[in-house]
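Have a look at the structure below before the remarks.
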Amino acid sequence: MPVTAKICGLSTPETLDAAIAGGASHVGFVFFPPSQRHVTFDQARALVARVPAHVGTVGVFVDPDEVLLNAALATGIRTVQLHKTGADRAGAIRSRVPVWAAVAVKTRADIDQAAAYRGAADRILYDAKTPDSAALPGGMGLRFDWKLLENLPQPLPWALSGGLDAANVREAVGVTGARLVDVSSGVERAPGVKDVAKIAAFLQAVAQC
């Protein structure tokens, strides 16, 4: 089974097109105003319209309310990625749209939280836990100890995120066995500014996994 990749935090046609051309299986759009990767609904609608049917579109949220969620779904995104959102809320959203539940990881005990999303999410996204003082729940280039996932039975399909880039993604896949990887800051030349060449390099590295 090949390894696939989601390029997250896209906000321009050029970088979106690079992700698609490079073979990304999913593309992500952030609906969280404090983030430098935040897109407006109009931006998202125009970007989603460029995405071919075989590429998944994922909206990224931090415990969204119904107003935000409804407006974002109206842009055409087909999957919802939830950060800092409990299993009950995730399950309620999953009744409407497929859900990825982010689990922030620093220790082995954090990974155990994934089991709570069985039946409430379609996929777990293991991401590096950010400091309590951080404004963002992810996309900060942090990574956790990948060995925590080594040979670990999983309650759901899952993806690996947190501190990945073209130089380390093959190692990360080798250690964890991930079949889907998620990158944001690792393909940027500045916070929130995606780089076409880095996107291409990352996807080439994934193809070699």
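The figures that follow rest on heavy atoms only: side chains count, while hydrogens, waters and symmetry mates do not.
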Nearest atoms (heavy-atom pairs only) where [X] meets [Y]:
X   : Y    : answer
Q36 : P191 : OE1-CB, 3.1 Å
A44 : V39  : CB-CG2, 4.0 Å
A90 : T85  : N-CG2, 4.1 Å
A87 : A116 : CB-O, 3.3 Å
L69 : P64  : CD1-CG, 4.3 Å

Step-by-step side chain to side chain contact (heavy atoms under 4.5 Å, CB included) determination, L73 to R96 | CA-CA 10 Å; L73 289 174; R96 305 167 55 194; 3.6 Å; yes
N168 and R143: CA distance, side-chain angles, deciding distance, side chain to side chain contact (heavy atoms under 4.5 Å, CB included) verdict | CA-CA 11 Å; N168 68 21; R143 57 181 271 188; 4.2 Å; yes
side-chain hydrogen bond (donor to acceptor under 3.5 Å, both in side chains) partners for R179, two or more places apart | none
From [atom1] ([X]) to [atom2] ([Y]), nearest 0.5 Å:
X    : Y    : atom1 : atom2 : answer
H26  : K6   : NE2   : NZ    : 9.0 Å
T176 : K147 : OG1   : NZ    : 11.0 Å
K198 : D165 : NZ    : CG    : 8.5 Å
L148 : D110 : CG    : CG    : 8.5 Å
C209 : E171 : SG    : CD    : 11.0 Å

Are the side chain of [X] and the backbone of [Y] linked by a donor-acceptor contact shorter than 3.5 Å?
X    : Y    : result
K84  : V62  : no
R78  : V55  : yes
R37  : F32  : no
S25  : A5   : yes
D182 : L160 : no

Please go through V58's hydrophobic cluster and name the other residues, only I, L, V, M, F, W, Y counting, with side-chain heavy atoms under 4.5 Å joining them.
->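 ILVMFWY cluster around V58 also holds W100, L180.
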Going through the checks in order, is the side chain to side chain contact (heavy atoms under 4.5 Å, CB included) test met by Q154 and I124?
-> CA-CA 9 Å; Q154 295 292 334; I124 297 296; 5.7 Å; no
Which pairs pass salt bridge (Lys or Arg N to Asp or Glu O under 4.0 Å) with one or both residues in residues 21-31, sequence neighbours excluded?
-> none
Mind checking whether [X] and [Y] have side chains closer than 4.5 Å, heavy atoms only?
X    : Y    : value
L125 : Q81  : yes
F144 : L149 : yes
L10  : L47  : no
P2   : V206 : no
S11  : V30  : no
I199 : K194 : yes
H83  : D127 : yes
R108 : L152 : yes

Carboxylate-amine/guanidinium contact R50 E14, below 4.0 Å | no
Which residue pairs pass the ring-ring contact (aromatic ring centres under 6.0 Å, His included) test when at least one of the two sits in residues 147-175, sequence neighbours left out?
-> Y126-W158
Quick one: which of V60, T75, I77 gives a side chain to side chain contact (heavy atoms under 4.5 Å, CB included) with F29?
->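 Passing option: I77.
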Cluster question for you: counting only ILVMFWY and a side-chain heavy-atom cut-off of under 4.5 Å, with indirect links fine, are V193 and L203 together?
-> no
Begin with the C-alpha distance, continue with both residues' side-chain angles, and end with the deciding distance and a verdict on side chain to side chain contact (heavy atoms under 4.5 Å, CB included) for V80 and F31.
-> CA-CA 10 Å; V80 167; F31 297 93; over 6 Å; no
Would you find more than 12 non-hydrogen atoms of other residues, nucleotides or ligands less than 6.0 Å from D65 atom CG?
-> yes
Which residues pass the side-chain contact (heavy atoms from CB on, under 4.5 Å) test with V183, sequence neighbours left out?
->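 side-chain contact (heavy atoms from CB on, under 4.5 Å) list for V183, sorted by chain: I7, V187, F202.
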How would you list, by chain and number, every residue that makes a side-chain contact (heavy atoms from CB on, under 4.5 Å) with V196, sequence neighbours excluded?
-> T15, A18
